[in-house]
**Student:** 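Handing you a structure now.
The analysis underlying the following values was restricted to heavy atoms, covering all of them including side chains, and did not include hydrogens, waters or symmetry mates. Here the structure is a predicted model, which means the values were calculated and not measured. We name chains A, B, ... by the order of the sequence lines, and we start the count at 1 in each one.
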Amino acid sequence: MYDHKKIEAKWRERWQEEKLHAPNLDKASRPFYNLMMFPYPSGEGLHIGNMYAFTHSDCYGRFKRLNGYDVLEPIGLDGFGIHSENYALKIGEHIKKVSARTEKNFYKQLQMIGGHFDWDRTVETYKEDYYRWTQWLFLQMYKQGLAYRKKSPVNWCPSCKTVLSDEQVINGECERCDSKVEKKEMEQWFFKITDYAEKLLKNLEWIDWSSDVKLGQKNWIGKSVGAEITFHFKGTKQKVKVFTTRPDTIFGATYLVIAPEHPLLKDETLRIENQKEVDSYIKKAIKKSEIDRIKEDKEKTGVELKGVRVINPLTKKTIPVWVADYVVMNYGWGAIMAVPAHDERDFEFAKKFELPIKKVIQPIDEKSAKLVLKKCFAGKGITVNSGFLNGLKTKVAQRKIIDYLKNDKIGKSCVNYKLRDWCISRQRYWGPPIPMIKCKKCGWVPVPEKDLPVKLPPLNDFQPDGSGKGPLNKIKDFVEVKCPQCGGQAKRETDVSDPFVDSSWYFFRYLSTEDNKQALNKERIKKWMPVDMYIGGKEHTVLHLLYSRFVTMVLHDLGYCDFEEPFKRFFGHGLVIKDGAKMSKSKGNVVNPDEFIKRFGADSVRLYLMFLSDVRQGGEWKDAGIAGMFRFVKRTWKIYEEFQVESITKNSGSSKLKSIKIPRLHKTIKKVTDDLERLSFNTAIARIMEFVNWYYTAKNSLEEQEKHFLLSQLAILISPFAPHLGEEFWSILGNKNSVFKEKWPAYNKDLIEDKQIELVVQINGKLRGKIKVSPDISQQEAFVLAVEDKKVRNFLGKHKIKRKIFVKGRLVNLVI
RNA sequence: GCCGAGAUGGUGAAAUUGGUAAACACGCUAGCUUCAGGAGCUAGUGGAUUUUUUGUCCUUGAGGGUUCAACUCCCUCUCUCGGCACCA
């Protein structure tokens with residue numbers, strides 16, 4: 001009887017005792033760092049989605065181990081953060097208590113799934129010995145000028161009562177609680193990720209990552225190459241700078257638009273005649289939340305600054321100036337030159353407010369040429385109505401106009417990024433206090449490194465109050481401190497940092513969790529990093545995966561590592577869905593992994609998750625499907641059980657074979673190996689199933705020694721997928737050591753190739769016959785045999801063969 | 001709106017370089033079996049067509065194209081799922 005509970009518990013214990021999954025970090029000769037995204041421990045326990053990722057990742061790690069690598073596969077908990085905190089608030093329990101409980105539960109679950117985890121070096125972001133170094137990281141950032149304070153409109157979640165980073169706002173809503181995010185003008189701590197925009201973009205060209213994730217990052221960074229051009233106001237000395245990617249269209253700039261937040265709008269020297277009207281528009285526009293701006297169907301609004309005009313530096317004509325919220329302050333210079341004929345938004349605006357539209361680009365294709373002025377044309381073409389730029393192609397015109405602007409000192413080429421600095425302040429309790437002190441005399445002073453950690457003080461009522469200050473502000477003993485510089489009265493920063501700061505460097509910390517004297521161990525980093533394989537969710541494209549790259553680049557510049565990119569390879573998996581939809585509590589289609597592990601065992605759940613479909617695409621979970629996998633496991637189990645009984649009854653002490661010439665085995669080994677290498681887990685399992693099916697049909701004609709050898713090989717092949725079973729099978733065969741100390745089976749190339757193959761005979765591309773031939777049959781022979789085939793002859797009749805195609809080892813196609 | 005990924009049997013899905021579409025499963029059908037167990041075994045299972053079926057024709061969202069040959073490449077369209085969202 002296959003008793004998965006007993007077997008799995010036995011091997012889990014033994015792995016733990018033998019520390020089978022804890023490589024020696026200093027002595028390992030072939031390090032392989034196999035990383036998976038550490039989960040944030042929710043109250044609900046490990047989600048099937050986490051398990052999906054872990055299972056594939058673990059299978060790959062175990063495969064690498066069997067191929068002779070020293071595999072480090074660490075695990076931990078991303079436990080700080082709003083998610084955990086909100087859950088604690090919801091159930092009315094203190095977050096510290098909740099965390100202690102979820103930690104226990106998560107680690108138990110993680111043990112149950114049988115991962116190759118090194119339990120001696122877990123990382124919990126909310127423990128002092130970790131967040132101390134998160135604070136240290138902040139101080140390094142501060143020293144480099146990469147952490148700074150800035151007052152700016154930030155994303156405020158009214159429900160979580162904290163600010164959020166741009167990356168945490170999804171469609172104008174809070175990533176955590178889906179509340180509408182508001183814009184608030186606040187002073188916050190930022191990390192200067194924009195300093196690394198170019199490097200973050202450039203390295204995307206060579207890192208081996210899923211291409212959609214790379215593209216997502218590229219778009220988020222959003223590099224635009226163009227020019228900045230200065231426009232002078234008529235009648236005053238004021239001027240305004242604009243950014244444009246199409247300086248070549250400047251002759252078509254028929255008006256200028258300024259963002260509502262632009263400081264020029266408060267400039268009295270402009271003498272705006274309708275200042276009141278303008279002010280009320282500005283007030284309304286600024287009040288709008290992001291989501292309102294999106295939901296209003298992008299209907300253009302705006303107000304003309306009456307009596308104000310700027311001079312187009314090329315046409316020398318004056319053009320009107322408008323304020324409109326389709327221009328945003330935090331990109332470029334908060335002002336644009338509007339070229340309605342060649343920009344979608346300007347076109348729409350000009351149509352609505354009846355502003356002049358002037359064509360300056362002639363499209364090359366006729367279809368678009370006909371539509372110019374009826375529709376906007378934003379493409380490239382030939383410049384017209386533009387003085388000295390006439391007749392030039394867009395690219396040439398752009399170069400020429402930039403040279404002109406430079407000579408006249410009214411503009412220059414310029415690059416802009418959509419990426420903005422990372423706002424890391426959070427007005428919450430459950431995070432690492434930002435290690436800064438504000439002194440009346442000295443200003444902001446960093447906490448000296450020797451004083452770290454700034455401990456998160458106990459606080460019973462940790463509910464955020466929405467005052468714009470974190471709950472820590474309520475604790476006098478915490479707030480009131482002496483200035484480390486002058487000893488005078490000072491106050492601590494009471495905000496904590498974004499949990500994404502915690503996770504931006506955890507993979508470094510895994511390497512030296514036992515060392516509490518320093519954050520990072522350079523030698524080990526050199527030996528083990530960058531991470532060889534990282535498997536995780538694509539939802540972190542512009543969050544964790546971007547932040548980690550940034551932090552690694554900073555650590556590189558500080559000399560802690562000699563690489564700029566933390567993850568050599570990142571592989572994004574798809575989602576597990578159920579009943580055709582993403583799992584969610586409200587839909588009631590959440591799969592609880594515990595229940596299935598209990599019923600069928602971790603091995604069956606692992607196998608099923610990997611068998612579902614291609615890991616890149618995700619797959620659909622079916623309760624009936626896992627039962628089928630359980631059946632396969634039991635069938636395989638029976639083979640070993642039978643073998644054990646036989647060998648006991650026969651009691652034959654015959655010597656073991658070292659190799660075997662059964663092509664079926666060699667083909668299976670090749671298939672499984674190739675499939676695992678290209679991360680095609682589902683087909684690898686299919687191949688193992690085929691092998692088991694074959695074994696059933698062949699077993700009666702096999703010698704005991706042969707069986708023993710075949711089953712040994714099968715035990716190893718199956719062990720990355722179903723590690724407990726692998727071990728159990730291995731021990732049934734009489735082995736004392738762990739199967740994971742074995743070598744991955746090798747195949748004999750000569751046995752892969754069949755001595756006889758079926759060559760397909762097509763007539764006009766349609767299958768008409770099959771002939772049995774040797775794989776290296778010559779073209780001539782193949783044609784002769786093909787024509788001799790009865791069926792083929794029937795089809796050919798009296799037709800003349802016009803053409804013959806021969807594909808070696810595959811087919812013959814006769815064209816008639 | 002823009003960008004990306006996808007659409008293959010009743011279902012989840014395979015098909016690595018353009019070369020036998022549907023591997024491997026689930027489900028279903030029939031039969032066998034009876035340690036009644038979330039059982040096991042055997043056979044069948046894309047559709048149409050009663051032409052002895054070891055046959056023929058059709059079939060990878062729709063339509064067109066390239067090719068001896070297209071799930072795969074190109075064009076047009078439809079739908080689904082993700083990402084971005086006035087970024088000049």
**Student:** Tell me: CD of A:Gln762 to C1' of B:rU20, nearest whole Å?
**Tutor:** 7 Å
**Student:** Classify the nucleic acid contact of A:Arg687 as base, sugar-phosphate or nothing, counting any heavy atom under 4.0 Å across all strands shown.
**Tutor:** base
**Student:** Under the 3.5 Å rule, do the base of B:rC86 and the side chain of A:Lys300 count as making a donor-acceptor pair?
**Tutor:** yes
**Student:** When the distance from CG of A:Leu215 to C1' of B:rG4 is rounded to whole Å, what number comes out?
**Tutor:**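 About 6 Å, once rounded to whole Å.
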**Student:** With heavy atoms under 4.0 Å as the rule, sort A:Val807 into base, sugar-phosphate or nothing.
**Tutor:**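 Contact class for A:Val807: base.
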**Student:** Which of these nucleotides, B:rA14, B:rA25, B:rA88, is closest to any side-chain atom of A:Thr245?
**Tutor:** B:rA88
**Student:** Hey, does A:Phe632 reach any base, or is it just sugar-phosphate, or nothing, if we go heavy atoms under 4.0 Å?
**Tutor:**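 Here A:Phe632 touches no strand at all.
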**Student:** Give one of base, sugar-phosphate or nothing for A:Arg768, where a contact means two heavy atoms less than 4.0 Å apart.
**Tutor:**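 If one applies the 4.0 Å heavy-atom cut-off, A:Arg768 turns out to touch the sugar-phosphate alone, with no base involved.
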**Student:** Classify the nucleic acid contact of A:Lys802 as base, sugar-phosphate or nothing, counting any heavy atom under 4.0 Å across all strands shown.
**Tutor:**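 Result for A:Lys802 = nothing.
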**Student:** Distance from A:Phe632 atom CZ to A:Leu607 atom CG, nearest 0.5 Å?
**Tutor:**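 It is 6.5 Å, given to the nearest 0.5 Å.
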**Student:** For a quick check under 3.5 Å, do A:Trp220 and A:Glu167 share a side-chain donor-acceptor pair by atom type?
**Tutor:** yes
**Student:** Say we look at B:rC79 and B:rG61: how far apart would their C1' atoms be, to the nearest angstrom?
**Tutor:**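 Approximately 8 Å lies between the C1' atom of B:rC79 and that of B:rG61.
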**Student:** Answer yes or no: does atom CD of A:Glu753 have more than 12 heavy-atom neighbours from other residues, nucleotides or ligands under 6.0 Å?
**Tutor:**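 Open.
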**Student:** Would you kindly check whether a donor in the side chain of A:Lys770 faces an acceptor in the base of B:rU20, or vice versa, at under 3.5 angstrom?
**Tutor:** yes
**Student:** What's A:Asp614 touching, base or sugar-phosphate or nothing? Going by heavy atoms closer than 4.0 Å.
**Tutor:**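 Sugar-phosphate contact only.
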**Student:** Under 4.0 Å, heavy atoms only, any strand: does A:Leu811 hit a base, just the sugar-phosphate, or nothing?
**Tutor:** base
